[in-house]
Amino acid sequence: MKNYFKTIKIDKNSRSRITEIYVRNKKIITPVFMPVATQASVKALSSQDIEEVGTQCMLSNTYHLYLRPGLEVLKKFGGLGNFMKTDKAILTDSGGFQVYSLSNLRKITEHGVHFSSHIDGSPHFFTPEKVIDYQSAINSDIWTHLDVCVKNPAEYEEAKDALKKTKNWAKKSIEHFKKITQDIQPKPKILAIIQGSVYKDLRKESLEWGYELGFDGFALGGLSVGETKQEMFETLDYITEIAPKDKPVYFMGLGDPIDIWTATKYGVDMYDCVLPTRNARNGQALTTYGKIYIKNACYKKDESVLDPECDCLTCKNYSRAYLSHLYKSGELLSHRLISIHNIRFLIRQTEIMRKAIEEDRFDDAFNEFLSKYNQTKLKI
RNA sequence: GUGGUUGUAGCUCAACUGGUUAGAGCAUCCGGUUGUGGCCCGGAAGGUUGCGGGUUCGAGUCCCGUCAGCCACC
């Protein structure tokens with residue numbers, strides 16, 4: 001079997017790297033940003049839009065798809081990719097984060113998690129094995145296991161207890177994964193979710209068992225959930241320093257451009273985040289020269305495009321004034337056009353990073369990015 | 001012309017028999033959002049209560065006059 005993970009180039013002056021991940025005849029070049037398609041849709045975008053912005057892989061969500069449309073529907077279609085009409089790779093989140101974010105509706109036991117549907121209140125019970133089965137029905141390319149995410153700041157004992165459950169579930173998950181994917185070709189991959197809050201010994205332990213249990217990569221969970229940026233990056237620095245280098249590292253839920261550059265410097269390969277699409281729907285655009293609020297009055301008559309350095313559909317065609325009008329009028333087209341731009345912006349950053357790593361000038365490129373991005377609002 | 005009725009923020013409306021600094025929604029302006037519970041969350045600005053008198057310790061509120069809109073009747 002072809003090695004699924006290959007490091008192509010490591011920057012001379014940082015841990016940033018270019019790697020290739022092969023999964024089910026799909027190749028993902030990292031650093032990669034994955035748009036989020038929680039409910040079988042990157043909100044406001046068609047699969048054609050998703051392809052056009054340069055998406056290699058997207059994230060979807062077991063919890064949401066299980067509740068709606070339901071796994072029978074996805075099975076009938078042969079999986080989420082066929083359902084959505086996309087041939088891009090799909091990574092599925094296990095539902096562990098929903099256990100965390102919908103915590104008022106859930107109860108965790110050592111066997112799994114009881115929760116009420118946020119749609120109709122109906123009771124459900126997720127176990128590690130069931131979540132693996134569900135991802136089989138979704139037929140995604142990269143799977144994750146059920147985990148327990150704790151909010152920061154967390155007491156050491158709380159984080160330790162959550163990690164213990166997570167490890168136990170990870171073990172059950174990968175055993176079940178091996179069993180049910182025995183006859184599937186080509187095989188999907190599965191990532192270990194690394195927990196442990198900001199406690200280094202817990203993070204280390206998590207990485208160790210994640211590796212020993214035979215997972216295909218490390219998904220860093222429990223970060224950007226309430227801790228300060230400094231704590232987040234201290235923890236990340238430690239994790240990426242000691243993480244085995246022969247597997248991909250995925251920072252779950254990171255989407256601020258500066259954060260992505262920083263994490264890449266530390267050696268993170270994969271990112272996903274709702275930020276580019278959610279913020280787009282709330283009128284915020286990411287640009288080379290900083291973020292702009294399209295709803296601000298100064299863009300009302302602005303004939304320039306969102307970002308002069310961007311090559312997306314929106315920036316090739318539409319003025320800020322038009323986007324401002326669409327947003328203020330509540331036109332849904334503004335959601336689509338700004339989402340396209342924001343996702344393209346983040347993907348373009350990863351392309352800029354790869355080029356810089358190839359040329360051993362990641363730090364310089366990072367500084368160039370910062371000096372432009374930190375400028376005050378661009379006014380032409 | 002006579003009688004009635006209504007004038008409060010840019011808009012639509014609140015404010016018990018007179019009682020702290022006249023409120024809210026929308027619009028406006030400015031932020032926020034990090035493994036998405038689909039137009040979200042937070043903050044700010046904005047008033048000579050149509051105008052002029054009067055009564056009262058105190059008036060958006062009561063009285064008189066006046067202007068404007070609406071309704072009815074001559």
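Note that the structure is predicted; figures quoted are calculated from it, not measured. So you know, we letter chains A, B, ... as the sequences are listed, proteins then strands, and number each from 1.
- Contact annotation for A:Ala44: base contact, defined as any heavy-atom pair under 4.0 Å involving a base atom.
- Within the nucleic acid shown, A:Asn279 comes within 4.0 Å of at least one base atom, counting heavy atoms only.
- If you check every strand for non-hydrogen atoms under 4.0 Å, A:Ile119 touches nothing.
- As judged by a 4.0 angstrom heavy-atom cut-off over every strand, A:Ile193 is placed among the base-contacting residues.
- No hydrogens or angles were tested; on distance alone, a donor-acceptor pair under 3.5 Å links the side chain of A:Thr277 to the base of B:U36.
- Taking atom P on both B:G18 and B:G69, the two are 31 Å apart, rounded to the nearest angstrom.
- Within 3.5 Å, a donor on the side chain of A:Arg278 pairs with an acceptor on the base of B:U36, or the reverse.
- Side-chain proximity of A:Leu254 to B:C29, B:G35, B:U34: nearest is B:U34.
- Under the rule for a side chain to side chain donor-acceptor pair (under 3.5 Å), A:Ser334 has no partner lying at least two apart in sequence or in another chain.
- Summarising the base pairing, B:G23 is matched to B:C13 through a Watson-Crick or G-U wobble pair whose two defining distances lie under 3.5 Å.
- For B:U33, the base has no donor-acceptor partner in the side chain of A:Lys291 [N/O atoms by modelled type, under 3.5 angstrom].
- A salt bridge links A:Asp237 with A:Arg15: the closest approach of a Lys/Arg side-chain nitrogen to an acidic carboxylate oxygen falls below 4.0 angstrom.
- Only the C1' atoms considered, B:U5 is 30 Å distant from B:G46, to the nearest whole Å.
- Looking at heavy-atom distances under 4.0 Å, A:Asp259 makes contact with a base.
- Residue contacts shown for A:Leu59 are limited to sugar-phosphate atoms, with no base heavy atom under 4.0 Å away.
- Within 4.0 Å of A:Thr144, counting heavy atoms only, lies no atom of the nucleic acid at all.
- Within the 4.0 angstrom heavy-atom criterion, no nucleotide atom of any strand lies near A:Glu227.
- Residue A:Lys43 places its side chain closer to B:U36 than to any other of B:U34, B:U36, B:G35.
- Comparing B:U36, B:U34, B:C39 against the side chain of A:Thr38 picks out B:U36 as the nearest.
- Here A:Gln39 lies in heavy-atom contact (under 4.0 Å) with sugar-phosphate atoms only.
- Between A:Tyr373 and A:Phe369, the ring planes lie parallel to each other; the angle is under 30°, not in the 30° to 60° tilted range.
- Comparing the C1' positions of B:A24 and B:A14 gives a spacing of 7 Å, expressed to the nearest Å.
- Using modelled atom types, one finds no donor on one side chain facing an acceptor on the other under 3.5 Å when comparing A:Gln195 with A:Thr166.
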* To do: Given salt bridge (charged side-chain N to carboxylate O under 4.0 Å, His left out), test A:Asp360 with A:Lys9 step by step and report yes or no.
  => CA-CA 9 Å; A:Asp360 284 315; A:Lys9 176 82 173 74; 2.6 Å; yes
